[in-house]
Amino acid sequence: MLDLVNLLDYGDMTSICDDLSPLLRIVGIALKLIQYAVPIMLIVIGSIDFAKATTEKDEKAIKDAQNKFMKRGIMALIVFLIVPIVSVLMTLVSGEGYKDCMECVSSPFGSECKALVKSAE
């Protein structure tokens, strides 16, 4: 069984990365879906709420919809930027050693990830 506690002390990261590349690719695809779908959904839902409030011509409803829209816009931006922020933090904490394993997470459709997955099969 893979000992995740001692994973960072493991001498040869390439064999672990090769073994985990299919799983990391699935994680990468899920993250890309979340990274793009959630902000779009939040903005669309916020726009619908804002349009409903505007058609009602109620000043209080418009202000509430505007506040909700701003909060959803900020949440969409945070969701979209989580992957780059985590990537920067990982670079600061662990240097460049993690990049071999994170290739399939950061770009699951890239040629390097496809080669890793093919070699793991």
Side-chain angles (χ1 to χ4, degrees):
M1 182 160 178
L2 184 63
D3 187 7
L4 294 176
V5 175
N6 293 322
L7 184 63
L8 295 177
D9 294 334
Y10 193 75
D12 185 22
M13 289 297 286
T14 55
S15 65
I16 291 176
C17 295
D18 289 344
D19 293 342
L20 291 177
S21 59
L23 175 68
L24 293 174
R25 184 166 190 248
I26 292 170
V27 169
I29 292 170
L31 283 176
K32 288 294 181 192
L33 278 172
I34 291 169
Q35 186 180 12
Y36 292 108
V38 169
I40 290 171
M41 286 177 18
L42 288 172
I43 291 171
V44 167
I45 291 169
S47 298
I48 291 170
D49 288 345
F50 195 66
K52 281 184 198 175
T54 305
T55 57
E56 290 177 9
K57 301 201 188 259
D58 180 16
E59 193 67 35
K60 186 177 185 302
I62 292 174
K63 285 214 181 264
D64 289 341
Q66 186 177 20
N67 287 337
K68 281 184 184 178
F69 186 73
M70 291 300 292
K71 288 178 185 176
R72 287 180 178 154
I74 292 170
M75 286 189 289
L77 183 65
I78 289 170
V79 167
F80 185 76
L81 292 177
I82 280 192
V83 173
I85 289 170
V86 169
S87 179
V88 167
L89 290 175
M90 289 293 290
T91 302
L92 292 174
V93 170
S94 68
E96 296 294 321
Y98 85 99
K99 288 220 179 220
D100 294 335
C101 285
M102 296 303 289
E103 183 62 38
C104 284
V105 174
S106 62
S107 59
F109 301 109
S111 59
E112 291 179 33
C113 178
K114 288 180 182 177
L116 283 172
V117 170
K118 194 171 193 174
S119 69
E121 293 175 346

So side chain to side chain donor-acceptor pair (under 3.5 Å) across residues 26-46, not counting sequence neighbours, yields none
How would you list all residue pairs meeting salt bridge (Lys or Arg N to Asp or Glu O under 4.0 Å) that involve residues 75-87, not counting sequence neighbours?
-> none
Excluding sequence neighbours, so at least two apart, what forms side chain to side chain contact (heavy atoms under 4.5 Å, CB included) with [X]?
{"X": "Leu81", "result": "Leu77, Ile85"}
{"X": "Ala61", "result": "Ala53, Glu56, Asp58"}
{"X": "Ile82", "result": "Ile78, Val86"}

Quick one: CG on Leu24 to CD1 on Ile29, what's the gap to the nearest 0.5 Å?
-> 11.5 Å
So, are Asp64 and Lys60 salt-bridged, with charged N and O less than 4.0 Å apart?
-> yes
Residues that Thr54 engages under side-chain hydrogen bond (donor to acceptor under 3.5 Å, both in side chains), provided they are two or more places apart = none
Residues forming a side-chain hydrogen bond (donor to acceptor under 3.5 Å, both in side chains) with Arg72, sequence neighbours excluded | Asp49
Applying ring pair (Phe, Tyr, Trp, His ring centres under 6.0 Å), which residue pairs with at least one partner in residues 49-74 are found, sequence neighbours left out?
-> none
Just distance, no hydrogens or angles: give the donor-acceptor pairs under 3.5 Å from side chains in residues 37-48, sequence neighbours left out.
| residue | atom | partner | partner atom | Å |
| --- | --- | --- | --- | --- |
| Ser47 | OG | Ile43 | O | 2.9 |

